[in-house]
Structure formats: C-alpha cells, structure tokens
Amino acid sequence: MTLVVALHGVVSCRGGCWRDEPKVAAPATLALLPADARLVASVDFARIRATPSWSKVSELAAGDAADRKILDELLARTGLDPLRQVHRMVAAFPDDARASGRFALVIDGAGFDEMRLITYARDRAHLRGRDLVSRSYRRHTLWSSASAADQSVAGFFASPKRFVLGGGGWAEAMVDLMDAGATGKSAADNSELGNLCQRVDTGRSAWFCGVIPPDLRKQLLAALPLDPAASVTRLAAALDLGPGLDVDLTADLSNAADAKIQADKITAALRDARGSARVLMLGLGPYLDHITAAADGPGLRVHAALGETQVNDLLGRLGGLVRLVRPQ
C-alpha cells in the first residue's frame, strides 16, 4: 500500500539486506536528492523483513480489516504486495519544507507495473472526485493531480524498481539528477550533510541525518536561552531491529559545556523515571536500564540496546494499544 499511498499523494498533497539489488550507501542516496535537502531518512524494509520481529511488525501494519481489504484489492489489481515487495524508502526535506511544500520520497522495490498502478490510483482518485494527469519531462512521464492547486506534487517511475514522488518542484529536480545528460548539484555536494550521514551506520534498518535550520535554531535559542538543547546544530541516528533493538543517536551542540549538561540531564531523567510509580506499574523500568547518554566534546551520544524478549514485549504492548484505538 506504500506505493499507492505515494501515488495518492500526487492527487491529494498540497504545497505544503536488499535481495536483488546492492545496498545504497549514504553518498549514493544523497546523490538522488536535490541540493537543498537538509533532512534525510531511510528505512530498509527488506532488512527488517529478514528479522524475527517482522511478523509482529507486519501484523501491526495489516491487522485492521479495512487496511487488509485495501491490501488485498491492491494485490489483485496491480500484482503489488507492499509488505513483501517494497524494499526501501527514502524521504528528504529542505529547511523551508512547510512553507515551500518541497519534499522527496523515493520508493525502491519490485513488481512496479506502472500502468496497472496508475490505473488503480486513478480509480481511487475518482472516488474522491479527483484525477491524475500526465506530462512529459525529459525522458520521464510525470503524474500529478488534474487540479491546478495540486500540481506542485508529482511522481514518476524512474525504473521498474523505483518510484519517486516530489513536491514543490523537487520531482523535476530529481529527474534532472537522474538524467545521465544533466548537470547540477545534489545533496551529496552538501559537505555538512554528507559528513553527518557518514557518522552513522547507513547499512542498518533505519537511519536519518538532519542539519537544524538556522531560523529554527534562532527560535529555539530565543525561546530556551538557558536550555542546552537549544544549541543542537545537527542530529543523526541509526537503528537495527531484530532480533533485538539497537539505537544510536548523535547530536552536535554548539559547545562542549552544553553537550555535558544535556548528557547529565538525560541521565538524571532516566534515573528519576526508574523510580516513578507509573513507570514501575507499567513494567517499563528494565527498559530504561539499557539507555545511556554521554558527551564527547561538543557531541552527545545516546545509545539504547534491548534484547529480543524485550522487543517482542514492546511490540505486543504496541499491538494492544493499536487495537484499542482502532475503530471497531
């Protein structure tokens, strides 16, 4: 359903362990994205599917009867099963994503039958009083809403194994980057973002790296002048799921003193939480024992490592919560 959700975005968004292919390292990922990208996130579904935790994760994704019906219809009409055939997703945003509507979504997988998927997405759009229209740009066909107000969001099939969705002109920008004859800078040319992404293990199940926009930093410093968290300039994280959960988060602050204060605050908060009656009642205390925070100069590192039993318990709790909030 992931790819069709992206196709739905073409008609509804407004402004605002690879099995058959090699892994894509951070520099190669950044080369797909416009130069203005400042936050990049990636999820490797193929890697997660190979873990013992996948069965519980997939149950959460398709446990609702209405969602299951949509997935079944999608498979019958397009031949695509997103829970098995979507391998990887990459999302990216610039500093001014909310104001400009610019974003990028790259979906890699197998079984992308363009005409069947477009027909299905068009039929779904018609149910909402919308339509899809096509236009040519370089060697690709861009699909967008027939509504002039929604045409800032467009998608295209870069290959039988890749679908790209972009907003605010980023679809065209990514066509330019993927065109062999095109020249121009990509996010890989941003040394600050590239160096940040190289500091996390981009071969893990999921990762993200982001440079805090200057305007947001100014707002944080104005609103929280005495809080060291306001001096964060860059954030990056990576995690592996299965058989346990291992998470690393790295933050760069403007100075070593703020990093040390923030690490001490996190450590103190974890210590206080362990003694909280609510935390004890929920049985979450043992999980907090596996979270640590430490400063290294102006850098802050937070690490969490949970075993398979703990992860299964958390997924079970999450599944129960989802069932409670789903409409009956």
Side-chain angles (χ1 to χ4, degrees), residues 1-10 17-25 28-29 32 40-92 104-125 132 143 155-165 201-208 238-246 308 311-312 314-316 318-323 326:
M1 188 166 59
T2 309
L3 178 57
V4 172
V5 168
L7 284 168
H8 282 177
V10 172
C17 232
W18 292 82
R19 297 184 185 275
D20 55 353
E21 294 182 354
K23 282 190 176 298
V24 182
T29 299
L32 301 172
V40 181
S42 172
V43 180
D44 187 339
F45 293 105
R47 185 180 178 91
I48 297 173
R49 279 197 295 269
T51 69
S53 301
W54 172 247
S55 60
K56 293 184 178 294
V57 174
S58 60
E59 286 175 7
L60 291 177
D64 181 73
D67 289 344
R68 185 69 257 174
K69 182 179 179 180
I70 293 174
L71 287 170
D72 290 343
E73 181 187 4
L74 174 65
L75 178 60
R77 292 195 53 189
T78 70
L80 176 67
D81 183 346
L83 295 180
R84 292 184 175 87
Q85 292 174 286
V86 170
H87 298 333
R88 181 172 177 264
M89 290 180 60
V90 175
L105 182 65
V106 180
I107 304 174
D108 289 332
F112 293 178
D113 186 319
E114 180 173 354
M115 287 301 98
R116 292 177 71 184
L117 283 164
I118 290 296
T119 299
Y120 178 73
R122 176 169 279 157
D123 289 347
R124 299 283 297 184
L132 285 171
W143 296 92
F156 65 94
F157 289 85
S159 75
K161 295 184 178 181
R162 173 169 288 166
F163 178 76
V164 178
L165 186 71
D201 184 357
T202 56
R204 299 173 79 176
S205 301
W207 58 269
F208 83 86
L239 67 87
D240 258 330
L241 177 63
L245 176 67
D246 191 272
E308 182 177 3
V311 170
N312 288 338
L314 280 177
L315 289 174
L318 180 59
L321 179 62
V322 169
R323 286 189 290 272
R326 274 177 175 159

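Just so you know, residue 1 is the first one in the sequence shown, and it goes up from there. Just so it is clear, the values below take in all heavy atoms, side chains as well, and ignore hydrogens, waters and symmetry mates. These numbers come from a predicted model, not from an experiment.
A donor-acceptor pair under 3.5 Å links the side-chain atoms of Q85 to the main chain of D81, judged by distance alone. A distance-only check finds a donor-acceptor pair linking the side chain of S205 to the backbone of L241 [under 3.5 Å].
Heavy atoms only, all atoms of each residue included: L117 and F112 are closest at CD1-CA, 3.9 Å. Residues L132 and A121 come closest through the heavy atom pair CD1-CB, 3.9 Å. Nearest approach of A158 to V164, heavy atoms of both residues: CB-CG2, 4.2 Å. When all heavy atoms are compared, the tightest approach of R68 to L83 is NH1-CD1, 4.4 Å. The two atoms that bring L80 and A110 nearest to each other are CD1-O, 3.5 Å, heavy atoms only.
Considering only residues two or more places apart in sequence or on other chains, D123 meets the side-chain hydrogen bond (donor to acceptor under 3.5 Å, both in side chains) condition with R77. E114 meets the side-chain hydrogen bond (donor to acceptor under 3.5 Å, both in side chains) test with W143; sequence neighbours excluded.
One distance of note links CZ of R84 with CZ of F45; it measures 15.0 Å at 0.5 Å rounding. Residue D72 holds its CG atom at 10.0 Å from NZ of K69, rounded to the nearest 0.5 Å. Separation of atoms CG (D108) and CG (L32) is listed at 8.0 Å; rounding is to 0.5 Å. With values rounded to the nearest 0.5 angstrom, M89 atom CE is found 10.5 Å from F163 atom CZ.
A side-chain contact (heavy atoms from CB on, under 4.5 Å) with Y120 is found for one member of R124, R116, R122 and no other, namely R124. Partner of W207 under the side-chain contact (heavy atoms from CB on, under 4.5 Å) criterion, out of V40, D240, V43: V40 alone.
Comment: D44 does not engage R88 in a salt bridge, judged by the lack of any side-chain N to carboxylate O separation of less than 4.0 angstrom.
Taking 4.5 Å as the limit, some side-chain heavy atom of L239 sits within range of a side-chain heavy atom of L245.
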